[in-house]
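Keep in mind that what you see is a predicted model, and the values were worked out from it rather than measured. One-based numbering, in listed order, for ligands and for the atoms of each.
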Amino acid sequence: MEYVTLNNGVKMPMAGIGTFLLSPDEAEASVLSALENGYRLIDTANAYVNEKAVGRAMKKSGVPREEIFLETKLWPAFYEQEDAVEKTLERLDTDYIDLLLIHQPAGNYIAGYRQMEKAYKGGKVKAIGLSNFSEKMIREILEICEVKPAILQTEVHPYSQEKQLKKFLQQEGMVIQAWYPLGHGDKALIQESVFTELAEKYHKSNAQIILRWHIQSGNIVIPGSKNPDHIKDNFDLFDFTLTDEEMDRIAAMDQQKRYYVSTPELLQKYAEMVPPVDEQK
Ligand SMILES: NC(=O)c1ccc[n+]([C@@H]2O[C@H](COP(=O)([O-])OP(=O)(O)OC[C@H]3O[C@@H](n4cnc5c(N)ncnc54)[C@H](OP(=O)(O)O)[C@@H]3O)[C@@H](O)[C@H]2O)c1
């Protein structure tokens, strides 16, 4: 495993498992399988409505809590709810969260950020960060914050490499975490001939080549999967290194093509949506 040290000294694994769109049963099985295969970073969110299942998988795994890096995200509906972090901790059945993010720049996200700062100062959260924020929106947080965000989680993959944004984050001492690291499973991306060629060379799968490219590019990855073979493969990334020339070939694939495009209408919808967090299994 490779690690990155966040701007407050917290050490974070570079590869983990994502749980977006997983039902509670699926999330429990995937997270348990991941922990059994050596993963120590788990990404969930209030809005995934599977935090309880993630908590169960952590307990079932027998892996000591302090060895796990647990990441979750506050949803806009809870930004102004004073007990939002406490409720999140209860669902996850844990005393602390390793990394808490503002999930979307929607609604009163400044209030959400203030809540995260309070939880950070109270020791309930070890690091805080942002998700789906543009450079302009990050600057707004940097101007008002007491605790600097450590990380931005956003869409990154070979078709959308966010080179400019990464430069800005680096200047600000923030790291990037890639969601949709495999293009949400897009076959056109995964089956690009360059990945097939490199997969043959290194005796790896195309997905492993993409994930290795992320890690060598400094992108923390959290691929999602329900398939135990994929879960195993997606962590088996640390016994080979792409050459500079191979990294350059993948860098040249950037076409600033995103699978998800944020709009004011979507953000308004998010601000109004209340996920059924209390009804989850
Ligand atoms: N902050 C945000 O707003 C946000 C948004 C989206 C996602 N996320 C986070 O980022 C994580 C990753 O995103 P994602 O799961 O949507 O997309 P992804 O990781 O890019 O792709 C997942 C898809 O790829 C397939 N896959 C996984 N490993 C594979 C492999 N080795 N070979 C071939 N196919 C493979 C999976 O299918 P199988 O199940 O068959 O393996 C699944 O369909 C999420 O789970 C979530 O934690 C955050």
Side-chain angles (χ1 to χ4, degrees), residues 13-23 25-27 29-31 33-34 37 39 41-51 53-54 57 69-76 98-106 109 112 128-134 137 149 151-162 176-192 195-196 199 202 204-215 219-237 257-263 266-267 269-270 273 275:
M14 289 289 292
I17 184 136
T19 61
F20 178 46
L21 299 180
L22 299 190
S23 69
D25 285 346
E26 290 166 345
S30 289
V31 171
S33 161
N37 277 290
Y39 285 70
L41 163 62
I42 306 161
D43 179 68
T44 180
N46 298 162
Y48 300 171
V49 195
N50 59 23
E51 287 174 315
V54 168
F69 191 104
L70 176 61
E71 175 175 8
T72 191
K73 315 180 195 82
L74 279 188
W75 188 253
D98 292 277
L99 175 61
L100 184 62
L101 309 181
I102 287 289
H103 200 152
Q104 289 285 349
Y109 55 85
I128 59 176
L130 306 169
S131 184
N132 299 306
F133 277 56
S134 64
M137 290 160 168
I151 192 167
L152 173 71
Q153 186 185 110
T154 196
E155 179 178 344
V156 189
H157 42 71
Y159 288 160
S160 179
Q161 301 185 15
E162 294 292 1
I176 198 158
Q177 183 175 42
W179 63 250
Y180 281 7
L182 298 172
H184 201 45
D186 178 18
K187 288 205 165 43
L189 170 69
I190 295 178
Q191 289 169 2
E192 283 273 9
F195 302 134
T196 306
Y202 289 105
K204 294 283 174 184
S205 70
N206 290 31
Q208 286 171 310
I209 299 295
I210 298 176
L211 295 172
R212 182 69 209 171
W213 165 80
H214 275 289
I215 286 170
N219 307 337
I220 302 163
V221 286
I222 39 165
S225 180
K226 293 187 238 182
N227 176 328
D229 292 333
H230 289 166
I231 292 174
K232 206 168 178 193
D233 283 357
N234 294 348
F235 195 66
D236 179 16
L237 309 171
K257 174 187 158 181
R258 291 180 65 113
Y259 293 93
Y260 161 87
V261 179
S262 181
T263 61
L266 262 180
L267 292 178
K269 204 175 108 193
Y270 295 152
M273 187 193 115

Please name the residue in the list Asp43, Thr154, Asn132 that meets the side chain to side chain donor-acceptor pair (under 3.5 Å) test with Trp179.
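Of the listed options, the one satisfying the test is Asn132.
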Which of the atoms in ligand 1, numbered in the order shown and given with their element, are less than 4.0 Å from a heavy-atom of [X]?
| X | result |
| --- | --- |
| Pro223 | 19 (O) |
| Asn132 | 1 (N), 2 (C), 3 (O) |
| Pro181 | 12 (C), 18 (P), 19 (O), 20 (O) |

Below 4.0 Å, non-hydrogen atoms only: which portion of [X] touches ligand 1? Side chain, backbone, both or neither.
| X | value |
| --- | --- |
| Ser131 | side chain |
| Ser225 | both |
| Thr19 | backbone |
| Leu101 | neither |

Using a cut-off of 6.0 Å, state whether more than 12 heavy atoms not belonging to Lys257 lie near its atom NZ.
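Yes, the 6.0 Å shell around NZ holds more than 12 heavy atoms from other groups.
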Without swapping roles, check the side chain of [X] against the backbone of [Y] for a donor-acceptor pair under 3.5 Å.
| X | Y | answer |
| --- | --- | --- |
| His214 | Pro181 | yes |
| Glu155 | Tyr260 | yes |
| Lys204 | Asp236 | yes |
| Asn50 | Leu22 | yes |
| Glu26 | Lys226 | no |
| Asn206 | Ile190 | yes |
| Lys73 | Asn46 | no |
| Gln191 | Ala188 | no |
| Ser205 | Gln208 | yes |
| Tyr39 | Ile231 | yes |

Counting non-hydrogen protein atoms only, what is the nearest one to [atom]? Give residue, atom name and distance.
| atom | answer |
| --- | --- |
| atom 12 (C) of ligand 1 | Ile222 O, 3.0 Å |
| atom 42 (C) of ligand 1 | Gly224 O, 3.9 Å |
| atom 7 (C) of ligand 1 | Trp179 CB, 3.6 Å |
| atom 13 (O) of ligand 1 | Tyr180 N, 3.4 Å |
| atom 16 (O) of ligand 1 | His184 ND1, 2.7 Å |
| atom 47 (O) of ligand 1 | Asp43 OD2, 2.5 Å |
| atom 35 (C) of ligand 1 | His230 ND1, 3.5 Å |
| atom 24 (O) of ligand 1 | Gly185 CA, 3.3 Å |

Can you find a non-hydrogen atom of [X] under 4.0 Å from ligand 1?
| X | result |
| --- | --- |
| His103 | yes |
| Lys73 | yes |
| Gly183 | yes |
| Tyr48 | yes |

N/O of [X] under 3.5 Å from N/O of ligand 1, yes or no?
| X | value |
| --- | --- |
| Ala207 | no |
| Phe20 | yes |
| Leu182 | yes |
| Asp233 | no |

Is the ring pair His157/Tyr159 parallel, tilted or perpendicular, if the boundaries are 30 and 60 degrees?
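Answer is perpendicular, since the angle exceeds 60°.
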Mind checking whether His184 and Phe20 have parallel, tilted or perpendicular rings, split at 30° and 60°?
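His184 vs Phe20 ring planes: tilted.
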